Peer 1: 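Pasting a structure below so you can have a look.
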Amino acid sequence: MKREIAQLLKDAVLKAQGAGDLPPFELPPLIVEQPQREEHGDYANNLALQVAGRVGMPPRQVAEIVVKHLPPAEFISRVEVAGPGFINFTLDDGWLARQVETILAQGPSYGRLDLGRDKRVQVEYGSANPTGPLHVGFARNVVLGDSLANLLEAAGYEVQREYYVNDTGTQMRLFNESLYARYAQALGREEEIPEGGYRGPYMVEWGREIAEVEDDRYLQMPREEALEAIGEVGLSKVLEGVKEDLELLGIRYDNWFSERSLYEDGYFGEVMEILRQGGHIFEEEGAIWFGASALGGDKDEVVVRSTGEPGYFASDIAYHYQKFIKRGFDWVIDVWGADHQGHVPRMKAMMRALGLDPERLTLLIYQLVTLKRGGEVLRLSKRTGDIITLREVLDEVGPDAIRFFLLTHAADSQMDFDLELAKEQSQENPVYYVQYAHARIASVLRYAGDFDYSDGDLSLLTHEAELALLRQMVLLPDIVELAATNLAPHHLTYYAQDLASAFHSFYKQCRVVSSYPEDMPLNKARLKLVKACQIVLAQVLGLMGVSAPEKM
RNA sequence: GCGCCUGUAGCUCAAUUGGAGAGAGCGACUGACUACGAAUCAGUAGGUUGUGGGUUCGAGUCCCGCCAGGCGCACCA
């Protein structure tokens with residue numbers, strides 16, 4: 001809708017200029033917004049205020065001229081110049097009512113846009129070190145990434161969801177050694193957990209499980225071989241748990257990508273050769289460096305340590321080389337916690353070194369979640385094992401409430417997550433308010449039974465509460481655009497509440513299924529309205545990855 | 001010390017990319033079920049947007065300084 005109005009305004013300005021009523025000037029980006037106050041209409045534009053200075057006329061006069069040249073549109077019933085020079089638009093009631101038919105016809109594709117024009121975008125999220133059970137902080141990452149992927153899909157992008165498995169490197173080695181130690185201990189052998197190793201109780205359990213199944217088989221092997229073999233077992237245990245948690249959260253990936261494969265399949269070698277030829281690689285003190293500072297990075301970065309082991313950044317380079325050059329994504333979004341925020345400059349430098357537009361890589365940074373239990377701050381550490389696991393919270397609170405809660409905060413906003421508080425408040429989570437609206441509609445439709453309302457006359461929808469509801473319903477495409485272009489899924493949660501609120505209010509004021517024969521035509525129209533509303537509710541819930549129940 | 005993020009109602013957070021009188025939820029208070037779900041609705045109270053300057057028709061939003069909090073600043077990830 002905003003786009004349509006912007007187009008009308010553009011046409012009007014061009015016409016006015018053509019007619020000589022306005023001098024030629026370059027059109028600023030046309031911002032169509034929803035005013036806060038009802039008497040300012042449904043949409044507003046500030047173009048006259050923006051250009052008044054350049055045009056040399058008072059803003060109200062500019063606005064009047066634009067309005068005079070505004071082409072008529074069926075969805076607008078009134079255009080007004082107001083305040084210092086705003087142009088306010090009011091939606092036509094009849095048009096609003098007719099949108100019910102549009103929504104019913106489009107069904108689950110209502111709200112879909114073509115902003116993406118089939119551009120291929122990859123959203124990479126999750127990607128925690130596979131060294132233990134997931135904690136709640138991690139959930140923010142996947143919930144954000146998953147809803148974002150939903151939004152981009154709705155906006156018309158071709159989206160791939162990818163999970164990056166960090167199955168190599170120092171942390172993996174520590175994990176393997178820790179697991180080996182627990183395994184050996186389970187068999188009565190003295191074995192130390194390494195410095196910086198993983199001490200969580202789950203490691204003890206896994207060590208025991210492996211000992212039960214495999215007996216002392218790994219103890220018979222050379223240590224290096226045993227570490228590798230036991231590491232494989234451990235990795236599969238971790239990933240199994242991760243997949244179960246993600247399943248509970250309703251998250252599925254298109255692809256699981258192994259960090260190790262970057263080396264095994266030769267991508268690392270390839271990209272290093274390219275960077276070397278580009279003069280971005282140098283050697284110093286036995287290590288191999290990437291000259292990031294020459295490309296806008298804050299400092300140069302070690303790629304291969306003097307021990308000969310590639311560092312984390314080495315994988316990042318090879319991984320993104322693989323994403324862009326081998327797989328050809330037009331756009332890649334990595335969802336990262338704020339603890340990785342300092343790595344953004346070197347990633348951008350890497351893009352430049354590979355001759356890629358840095359704009360094609362978006363690092364979406366979200367602020368970390370502070371975990372608390374009964375008001376006490378917990379340090380989240382898989383190494384010490386002092387965590388609130390995601391599973392624990394899913395069992396206590398439920399996936400819908402978790403997802404909604406995590407989505408209500410903008411990525412930039414820090415969050416506290418208190419398990420005790422979450423349990424207490426889960427019943428008051430606004431998600432149920434939204435779901436209740438959906439279930440309530442399902443109930444009304446059940447009550448209506450097989451009553452045929454397909455010939456309902458929508459022009460009967462003139463009640464104030466009906467129109468208020470319709471105004472919310474037709475907002476969905478604008479919300480999808482807003483949230484998708486800003487990579488900001490939190491807008492969905494607020495919209496969902498507004499929509500549900502408009503429905504509940506309508507429901508209180510307007511009887512949908514009446515037994516009086518003379519109400520029959522209105523019943524039919526309202527059943528259509530309610531059905532369409534259910535579709536919109538289901539859409540927005542779906543974008544958030546929250547279920548849309550028929551009963552609660 | 002340097003970089004990034006944040007500071008808005010008692011609490012948790014929004015605020016349409018610089019717009020009109022800053023909005024929700026929770027909590028508090030007042031009211032509403034004799035036909036479709038009260039997990040609901042209608043209403044009241046609650047604010048010097050951390051602070052001091054600046055930019056302009058207009059600032060919670062942009063710029064500068066301070067104060068406070070979070071996260072970084074390794075041949076860890």
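Residue numbers start from 1 in every chain, and the chains themselves are labelled A, B, ... in the order their sequence lines are given, proteins ahead of strands. Fair warning: this is a prediction, and the values are worked out from it, not measured in the lab.
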Peer 1: Using whole Å, what does the distance between atom P of nucleotide B:G72 and atom OH of A:Tyr366 come to?
Peer 2: 12 Å
Peer 1: Using the P atom on both, measure B:U44 against B:G65 and round to a whole Å.
Peer 2: 44 Å
Peer 1: Within the 4.0 Å heavy-atom criterion, would you say A:His343 contacts the bases, only the backbone, or no part of the nucleic acid?
Peer 2: base
Peer 1: So does A:Leu363 get a backbone contact from the side chain of A:Asp334, meaning a donor-acceptor N/O pair under 3.5 Å?
Peer 2: no
Peer 1: Which value, in whole Å, describes the distance between the C1' atoms of nucleotides B:G18 and B:A77?
Peer 2: 40 Å
Peer 1: Within 45 degrees of the ring normal and closer than 6.0 Å to the centroid, is that where the cationic atom of A:Lys323 sits relative to A:Tyr319?
Peer 2: yes
Peer 1: Can you check whether A:Gln36 has a side-chain N or O nearer than 4.0 Å to OP1 or OP2 of B:U16?
Peer 2: no
Peer 1: Minimum heavy-atom separation for A:Ile87 to A:Ala63, with atom names?
Peer 2: CG1-CB, 3.9 Å
Peer 1: Atom CD of A:Glu38 to atom C1' of B:A20: distance rounded to whole Å?
Peer 2: 15 Å
Peer 1: Flag the pair A:Tyr436 / A:His504 as yes when their ring centroid distance falls below 6.0 Å, and as no otherwise.
Peer 2: yes
Peer 1: Assign A:Gly169 to base, sugar-phosphate, or nothing according to its heavy-atom contacts below 4.0 angstrom with the strands shown.
Peer 2: nothing
Peer 1: Roughly how many Å apart are B:C71 and B:C11, using the C1' atom of each and rounding to a whole number?
Peer 2: 24 Å
Peer 1: At less than 3.5 Å, do the side-chain atoms of A:Asn88 and the base atoms of B:A20 form a donor-acceptor pair?
Peer 2: yes
Peer 1: Give A:Glu283 one of three labels, base, sugar-phosphate or nothing, depending on what nucleic acid heavy atoms sit under 4.0 Å from its own.
Peer 2: nothing
Peer 1: Over how many whole Å does the gap from A:Leu492 atom CG to B:C13 atom P extend?
Peer 2: 19 Å
Peer 1: Let me know which of A:Arg511, A:Lys528, A:Arg471, A:Arg526 forms a salt bridge (charged side-chain N to carboxylate O under 4.0 Å, His left out) with A:Glu466.
Peer 2: A:Arg526
Peer 1: Please give me every residue in residues 405-416 of chain A whose heavy atoms get under 4.0 Å of an atom in RNA chain B, ordered by residue number.
Peer 2: A:Thr408, A:His409, A:Ala410, A:Asp412, A:Ser413, A:Gln414, A:Met415
Peer 1: By ring-ring contact (aromatic ring centres under 6.0 Å, His included), which residues pair with A:Phe290, not counting sequence neighbours?
Peer 2: A:Phe313
Peer 1: Starting at CZ of A:Phe86 and ending at P of B:G58, how long is that distance when rounded to a whole Å?
Peer 2: 13 Å
Peer 1: Looking at A:Thr170, I'd like to know whether one of its side-chain N or O atoms comes within less than 4.0 Å of OP1 or OP2 on B:A77.
Peer 2: yes
Peer 1: When rounded to the nearest 0.5 angstrom, what is the spacing between NE2 in A:His438 and OG in A:Ser443?
Peer 2: 12.5 Å
Peer 1: Base, sugar-phosphate or nothing for A:Gln425? Non-hydrogen atoms, less than 4.0 Å.
Peer 2: nothing
Peer 1: How far, in whole Å, is B:C73 from B:C64 if one measures between their C1' atoms?
Peer 2: 24 Å
Peer 1: Show the nearest heavy-atom pair for residues A:Ala154 and A:Leu543, with the distance to one decimal.
Peer 2: CB-CD2, 3.9 Å
Peer 1: Rounded to whole angstroms, how far apart are CG on A:Leu421 and P on B:G27?
Peer 2: 12 Å
Peer 1: Does A:Asp298 get its side chain close enough to the base of B:G3, under 3.5 Å, for a donor-acceptor pair?
Peer 2: no
Peer 1: Using the C1' atom on both, measure B:U6 against B:G50 and round to a whole Å.
Peer 2: 11 Å
Peer 1: For A:Glu309 and B:C75, give me the distance from atom CD to atom C1', rounded to whole Å.
Peer 2: 10 Å
Peer 1: Using a 3.5 Å cut-off and no angle test, enumerate the donor-acceptor pairs between side-chain atoms of residues 340-350 of chain A and protein atoms at least two apart in sequence or in another chain.
Peer 2:
residue	atom	partner	partner atom	Å
A:Arg346	NH1	A:Glu301	OE1	3.2
A:Lys348	NZ	A:Pro358	O	2.9
A:Lys348	NZ	A:Leu361	O	2.6

Peer 1: When you compare B:C29 with B:A20, how far apart are their P atoms, in angstrom units rounded to a whole number?
Peer 2: 34 Å
Peer 1: Which comes earlier along RNA chain B counting from the 5' end, the contact point of A:Glu428 or that of A:His491, where each point is its nearest nucleotide?
Peer 2: A:His491
Peer 1: Could you spell out the base pairing of RNA chain B as a dot-bracket line? Use Watson-Crick and G-U wobble contacts where both distances are under 3.5 Å, [ ] for crossing pairs, | for partners on a different strand.
Peer 2: (((((((..((((.....[...)))).(((((.......))))).....(((((..]....))))))))))))....
Peer 1: Evaluate salt bridge (Lys or Arg N to Asp or Glu O under 4.0 Å) for A:Lys2 paired with A:Glu33, printing each intermediate quantity in order.
Peer 2: CA-CA 7 Å; A:Lys2 291 185 179 178; A:Glu33 57 181 16; over 6 Å; no
Peer 1: NE2 of A:His340 versus C1' of B:G3: gap in Å, rounded?
Peer 2: 17 Å
Peer 1: Under the ring-ring contact (aromatic ring centres under 6.0 Å, His included) test, which residues partner A:Tyr366, sequence neighbours left out?
Peer 2: none
Peer 1: Which is more 5' along RNA chain B, the nucleotide nearest A:Tyr494 or the one nearest A:Val32? Just name the residue.
Peer 2: A:Tyr494
Peer 1: Answer yes or no for this row: A:His40 ring on B:A20 base, centroids under 5.5 Å, planes under 30°.
Peer 2: yes
Peer 1: So what does A:Ile31 touch, heavy atoms closer than 4.0 Å: a base, only the sugar-phosphate, or nothing?
Peer 2: sugar-phosphate
Peer 1: Assign a letter to each nucleotide of nucleotides 33-47 of chain B from its 5' end: B, base within under 4.0 Å of a protein heavy atom; S, sugar-phosphate only; -, no contact.
Peer 2: --BBBBBBSS-----
Peer 1: I'd like the P distance from B:G54 over to B:A42, given in whole Å.
Peer 2: 44 Å
Peer 1: Report the nucleotide, chosen from B:A20, B:C71, B:G25, that has the shortest atom-to-atom distance to any side-chain atom of A:Ala44.
Peer 2: B:A20
Peer 1: Work out how far the C1' atom of B:C67 is from that of B:U55, and round it to whole angstrom.
Peer 2: 23 Å
Peer 1: Looking at every heavy atom in both A:Pro35 and A:Ala44, which two are closest together, and how far apart are they?
Peer 2: CG-CB, 3.8 Å
Peer 1: Spell out yes or no: do the side chain of A:His490 and the base of B:A15 have one donor N/O and one acceptor N/O closer than 3.5 Å?
Peer 2: no
Peer 1: Starting from the C-alpha separation in whole Å, work towards a yes-or-no answer on side-chain hydrogen bond (donor to acceptor under 3.5 Å, both in side chains) for A:Lys531 and A:Gln534.
Peer 2: CA-CA 5 Å; A:Lys531 178 66 195 165; A:Gln534 191 187 34; 3.2 Å; yes
Peer 1: Measure from CG on A:Asp339 to C1' on B:A74 and round the result to the nearest Å.
Peer 2: 15 Å
Peer 1: Taking all heavy atoms of A:Arg60 and all of A:Gly83, pick out the closest pair and write down the distance.
Peer 2: NH1-O, 2.7 Å
